[in-house]
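One structure is given here, and the rest of the page talks about it.
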Amino acid sequence: MPTLHRSDLPRLGETAYQRGMPFGPEGERVRVLVALGGNAMTSPEGSAHPADQVRAITEAMEHVAELVAAGHEVVLTHGNGPQVGNLLVKNEIAASVVPPVPLDWCGAQTQGTIGFTMLDALEPALARRGVDRPVAGLVTRTLVDADDPHFREPTKPIGRYLPADEAQQMIDHGQHWEDRGDKGWRRVVASPEPREVLDLAAIRALVDAGHVVVAAGGGGIPVVRDADGALHGVEAVIDKDLTAALLAKDLSCDILIIATDVDHAMVDYGTPNERPLEFTSLAQMQAYAADGQFTSGSMGPKVDAAMRFAESGGRSIITSLAHITDAVDREFGTIIDTSPED
């Protein structure tokens, strides 16, 4: 395979998709944002042991390297749920000794840890394919609205269940916990709407310079802007797929891939009529969503993010990590398009 250099990359400006250009090996190279799900960061059993994370990320980067080797511009975002979960357990165990680390700090720490691990795995994966492309990771902030209603009524459960006395210790540190009956108490936090990826200019500059960029991990570090313009972090969790859709739009990406653990989104899931969705219009996907086909605890947020990007004029694809190159070059997965072919 010939070596790809930064000078080989197109300057897309208006996306190839918006210009009606073809995709695939015979078409124009495209700019792709890949949102990696949590399954790409842990073992198949869900273990977040550091060695398991390294192995999982190394395998994930092999698939990403294939996409880069196909000639496409690639931006990566990722989940961080298991990693933040580990930090929360450490917070709880050490709460009587040191103050708990706030969620925005947890997000920043996991962005750094996951980001450098991805870079360390991606560089040799590209080298093995004869691809000369620089890689970069960026700790990224995402602006949310201080008046977002989710701050008034937090509903996003995170972390493990605790008995009442241990939960009370965390409540004394200012956290919000709810009694979940026999399971115990669980922390609940805000999940506000992402409004702006504040480090967009830096991400764009790196992508335009030919880098494969890891950014906005975990949806970005949640920050709000005060009346005087100052920024500060807040205790919240941003949906990483919603931020991915926002970032893909603002980077003029042609394609948003939401990489999960299934090849396709399904309708009538768990029934005799269950079937995979392939090439689907935005209007049809919206109708399926309105019909309650996608649950909030599973495929719902992914479909929501995919539809948002399709509404902006791009192409969204939901598929498994192993098929991300097929998704771009051979139209594999659940493809959401504003004007699909019959």
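All values below come from the heavy atoms of this structure, side chains included, with hydrogens, waters and symmetry mates left out. Being a predicted model, the structure only gives us computed values, none of them experimental.
- Between L138 and V214, the closest side-chain pair of non-hydrogen atoms is not below 4.5 Å.
- Listed for the N91 side chain is a donor-acceptor partner under 3.5 Å among the backbone atoms of V101.
- Across A265 and F294, no two heavy atoms sit closer than the pair CB-CE2, 4.4 Å.
- Residues D254 and R315 are not paired through a salt bridge, judged by the lack of any N-O separation under 4.0 Å between the basic side chain and the carboxylate.
- Between E178 and R187 there is no salt bridge, since no side-chain nitrogen of the basic residue lies less than 4.0 Å from a carboxylate oxygen of the acidic one.
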Stepwise, does the side chain to side chain contact (heavy atoms under 4.5 Å, CB included) test hold for V303 with I318? CA-CA 8 Å; V303 169; I318 300 172; 4.0 Å; yes
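- Residue Y269 places its OH atom among 12 or fewer non-hydrogen atoms of other residues, nucleotides or ligands, all under 6.0 Å distant.
- Using a 4.0 Å cut-off between charged nitrogen and carboxylate oxygen, E311 and K249 do not count as a salt-bridge pair.
- Of the possible polar contacts, one joining the T319 side chain to the D263 backbone as a donor-acceptor pair under 3.5 Å is found.
- Here the side chain of R31 pairs no donor or acceptor atom with the backbone of S252 at under 3.5 angstrom.
- Of the possible polar contacts, one joining the Q293 side chain to the D268 backbone as a donor-acceptor pair under 3.5 Å is found.
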V84 and I158: CA distance, side-chain angles, deciding distance, side chain to side chain contact (heavy atoms under 4.5 Å, CB included) verdict: CA-CA 9 Å; V84 169; I158 62 170; 5.6 Å; no
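- Using a 4.5 Å cut-off on side-chain heavy atoms (C-beta onward), L76 and M118 make contact.
- More than 12 heavy atoms of other residues, nucleotides or ligands sit less than 6.0 Å from atom CD of E274.
- More than 12 heavy atoms of other residues, nucleotides or ligands sit less than 6.0 Å from atom CD of Q168.
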For Q53 and Q83, what are the C-alpha separation, side-chain angles and deciding distance, and is it a side-chain hydrogen bond (donor to acceptor under 3.5 Å, both in side chains)? CA-CA 9 Å; Q53 293 185 60; Q83 293 78 14; 2.7 Å; yes
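- By the 4.5 Å heavy-atom criterion applied to side chains, M307 and Q286 are counted as neighbours.
- Using a cut-off of 4.0 Å between Lys/Arg side-chain N and Asp/Glu carboxylate O, E193 and R195 are scored as not salt-bridged.
- In this structure, Y161 and K183 approach most closely via the heavy-atom pair CB-O, 3.2 Å.
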Walk me through whether L162 and W177 qualify under side chain to side chain contact (heavy atoms under 4.5 Å, CB included). CA-CA 10 Å; L162 290 180; W177 287 68; 3.4 Å; yes
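- Between the side chain of H211 and the main chain of L206, a donor-acceptor pair closer than 3.5 Å is present.
- Hydrophobic clustering keeps V223 apart from V237 (ILVMFWY residues linked when any side-chain heavy atoms are closer than 4.5 Å, directly or through intermediates).
- In this structure the side chain of I221 never reaches within 4.5 angstrom of the side chain of T140, judged on heavy atoms.
- Side chains of I171 and W185 form a contact here, defined as non-hydrogen atoms less than 4.5 Å apart.
- Applying the side chain to side chain contact (heavy atoms under 4.5 Å, CB included) criterion to E278, with sequence neighbours excluded, gives H264.
- Closest approach of H173 and P99 over heavy atoms only: CE1-CA, 4.5 Å.
- Atom CH2 of residue W105 and atom OG1 of residue T110 lie 14.0 Å apart, to the nearest 0.5 angstrom.
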Run the side-chain hydrogen bond (donor to acceptor under 3.5 Å, both in side chains) test on D326 and H323 for me, step by step, so that the C-alpha distance in whole Å, both residues' side-chain angles and the decisive distance to 0.1 Å come before the verdict. CA-CA 5 Å; D326 293 334; H323 287 292; 2.8 Å; yes
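- Here the side chains of T243 and D241 are not in contact, with every heavy-atom distance at 4.5 Å or above.
- Listed here is the closest heavy atom pair of M170 and A95: SD-CB, 3.7 Å.
- For the atom pair CG of L103 and CD of Q175, the computed distance is 7.5 Å after rounding to the nearest 0.5 Å.
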Carefully, step by step, assess D329 and H72 under the rule side-chain hydrogen bond (donor to acceptor under 3.5 Å, both in side chains). CA-CA 10 Å; D329 291 341; H72 303 300; 2.9 Å; yes
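- The closest side-chain heavy-atom distance from V32 to V75 is not below 4.5 Å.
- The pair R204-D208 fails the salt-bridge criterion, with no side-chain N (NZ, NE, NH1 or NH2) lying under 4.0 Å from an Asp/Glu carboxylate O.
- Remark: D337 CG to L282 CG distance equals 9.0 Å, nearest 0.5 Å.
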Residue pair I257, L33: steps toward the side chain to side chain contact (heavy atoms under 4.5 Å, CB included) verdict: CA-CA 6 Å; I257 298 179; L33 190 146; over 6 Å; no
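- Annotation: D182, atom CG; neighbour count of heavy atoms from other residues, nucleotides and ligands within 6.0 Å does not exceed 12.
- Proximity of E235 to V189: side-chain heavy atoms (C-beta onward) are nowhere separated by under 4.5 Å.
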